[in-house]
Amino acid sequence: MLDTFQRWFGGHDDTDSAALTPALFERVESSLPWLSYLPGPARARLRELAREFLHEKQFHGAHDMALSDEIMLSIALQASLPILRLGLDGYRHWVGIVVYPGDFVVEREVMDEDGIVHDQATPLLGEAWHGGPVVVSWNGDGAADGVNVLIHEFAHTLDMLNGQADGYPPLPGDMSREAWASAFSAAYDDLCHRVDHDHPTALDPYASEHPAEFFAVASEVFFERPQQLLDAYPEVYRQLAAFYGVDPARGTSVFS
């Protein structure tokens, strides 16, 4: 594993190219079948970003977890989906990634209704902080079930580019903040209403916890089950297609 870190984080360009072979990309991508939604130019862009990601970011396996070439490349590919349009500059404010072999527990102080503070252990699948690191669990499951902790947490980091995560990340100059707010506010209100009244939902009910969670969950579904999001919340889908630079439901992108 030390050799892998030297190749990808301290080696020369020709060494990096030798490590990241087409066969390795194909093997890892085959475990993520929902990447087939991306058109060819976007797939090429994704590989380019994954290479840059592996060169610039620092990985750490928690609890002595061994991070294989396949695991790190898989994380890099999935992390690169939310920055297809923005590029690696979208992750400029953090460096480290901590990977757990499963759920991890975070100890927090929680105040109850009487103002008494309690210690609470909360099991998590992922967590992102402003300035890093990004902490994720790894289960190797590439099923297109609309649940993807990696996309979820990396979407949060984009949301934090302008401060605390609030569901309103900084937008490219050709996008309207008013149109974004209108689309997301209406969809969020609809989801909250459905959850409150036990109606069926197109997104995981967890998305109703906060606008930031709605943005992150919608991003998961956008890449993994694009038609599902398009059918349920077409305006949100259109905003995400512009933000991410790709329209997976139609197989098009802004990349040539």
query: Taking Tyr37 for the side chain and Pro226 for the main chain, is one N or O donor matched with an acceptor at less than 3.5 Å?
result: no
Electrostatic pair Arg43:Glu29 at N-O distance under 4.0 angstrom: yes
- request: Could you tell me the separation between the CD atom of Gln228 and the CG atom of Leu230, rounded to the nearest 0.5 Å?
  value: 11.0 Å
query: Below 4.5 Å, heavy atoms only, C-beta onward: do Leu203 and Leu229 meet side chain to side chain?
result: yes
- prompt: Does one side chain, of Asp231 or Tyr237, offer a donor that lies under 3.5 Å from an acceptor on the other?
  reply: no
- line: Taking every heavy atom of Gln227 against every heavy atom of Ala249, the minimum-distance pair comes out as OE1-CB, 3.9 Å
- prompt: Got a second to check how far Phe214's CZ is from Tyr206's OH, nearest 0.5 Å?
  reply: 14.0 Å
- prompt: Would a 4.5 Å heavy-atom cut-off, applied to side chains only, mark Glu220 and Arg225 as touching?
  reply: no
- request: For Glu213 and His156, run side-chain contact (heavy atoms from CB on, under 4.5 Å): C-alpha distance rounded to whole Å, both residues' side-chain angles, the deciding distance at 0.1 Å, then the answer.
  value: CA-CA 8 Å; Glu213 299 303 341; His156 276 323; 3.2 Å; yes
- request: Give, for atom CG of Asp159 and atom CD of Glu153, the distance between the pair rounded to the nearest 0.5 Å.
  value: 11.5 Å
field: Closest non-hydrogen atom pair, Gly61 against Leu67
entry: N-CD1, 3.6 Å
field: Phe223 vs Tyr244, ring-ring contact (aromatic ring centres under 6.0 Å, His included): CA-CA, chis, key distance, verdict
entry: CA-CA 10 Å; Phe223 285 109; Tyr244 291 130; 5.0 Å; yes
query: Can you find a pair of side-chain heavy atoms, one from Met65 and one from Tyr100, that are under 4.5 Å apart?
result: no
query: Do Val95 and Met72 belong together in a cluster built from hydrophobic side chains that touch within less than 4.5 Å?
result: no
- prompt: Hey, is the main chain of Phe25 close enough, under 3.5 Å, to the side chain of Arg47 for a donor-acceptor pair?
  reply: no
query: Are Met160 and Leu88 joined in one hydrophobic group, where the rule is that I, L, V, M, F, W and Y side chains link up if heavy atoms are under 4.5 Å apart?
result: no
query: Is there a donor-acceptor pair closer than 3.5 Å between any side-chain N or O of Asn148 and the backbone N or O of Ile151?
result: yes
Report all side-chain donor-acceptor pairs from residues 164-172 shorter than 3.5 Å, counting only partners two or more places apart or in another chain.
unit_1, atom_1, unit_2, atom_2, d
Asp166, OD1, Tyr168, N, 2.9
Tyr168, OH, Ser185, OG, 3.2

statement: To the nearest 0.5 Å, atom CG of Leu191 lies from atom NE2 of His199 at 12.5 Å
task: Report the C-alpha separation of Trp180 and Phe243 in whole Å, then their side-chain angles, then the decisive distance to 0.1 Å, and conclude whether the side-chain contact (heavy atoms from CB on, under 4.5 Å) test is met.
output: CA-CA 10 Å; Trp180 179 282; Phe243 183 68; 3.9 Å; yes
- request: Determine, stepwise, if the pair Leu54 / Leu20 fulfils side-chain contact (heavy atoms from CB on, under 4.5 Å).
  value: CA-CA 10 Å; Leu54 287 167; Leu20 293 170; 3.8 Å; yes
query: Mind checking whether Val134 and Val98 have side chains closer than 4.5 Å, heavy atoms only?
result: no
query: In Å, rounded to the nearest 0.5 Å, how long is the span from CG of Leu38 to OG of Ser253?
result: 8.0 Å
message: Has Ser80 got a side-chain atom pairing as donor or acceptor with Ala76's backbone, closer than 3.5 angstrom?
response: yes
task: Test Glu48 against Arg51 for salt bridge (Lys or Arg N to Asp or Glu O under 4.0 Å), laying out the working first.
output: CA-CA 5 Å; Glu48 174 189 341; Arg51 289 177 182 275; over 6 Å; no
- request: Ignoring hydrogens and angles, tell me if any N or O in the side chain of His93 forms a donor-acceptor pair with the backbone of Thr157 under 3.5 Å.
  value: yes
Separation between CG of Leu46 and CG of Leu32, rounded to the nearest 0.5 Å: 9.0 Å
query: Would Leu81 and Phe154 count as a side-chain contact (heavy atoms from CB on, under 4.5 Å) if you check the C-alpha gap in whole Å, the side-chain angles of each, and the deciding distance to 0.1 Å?
result: CA-CA 9 Å; Leu81 282 167; Phe154 290 118; over 6 Å; no
- prompt: How about Pro39 and Asp247: do any of their side-chain heavy atoms sit closer than 4.5 Å?
  reply: no
message: Between the side chains of Asp189 and Arg194, is the shortest nitrogen-to-carboxylate-oxygen separation below 4.0 Å, so that they form an ion pair?
response: no
task: Could you tell me whether a side-chain N or O of His210 sits under 3.5 Å from a main-chain N or O of Ala212, the two making a donor and an acceptor?
output: yes
- prompt: Under 3.5 Å, side chain of Ser68 to main-chain N/O of Ile71, donor-acceptor pair present?
  reply: yes
Parallel, tilted or perpendicular: rings of Tyr91 and Trp94 (30°, 60°): tilted
message: Whether the side chain of Gln78 engages the backbone of Ser74 through a donor-acceptor N/O pair (distance < 3.5 Å, no angle test) should be reported.
response: yes
field: Atom CG of Asp174: over 12 foreign heavy atoms under 6.0 Å
entry: yes
query: With a 4.5 Å heavy-atom cut-off, do Ile97 and His60 have their side chains touching?
result: no
query: Phe53 versus Leu73: any side-chain heavy-atom pair under 4.5 Å?
result: no
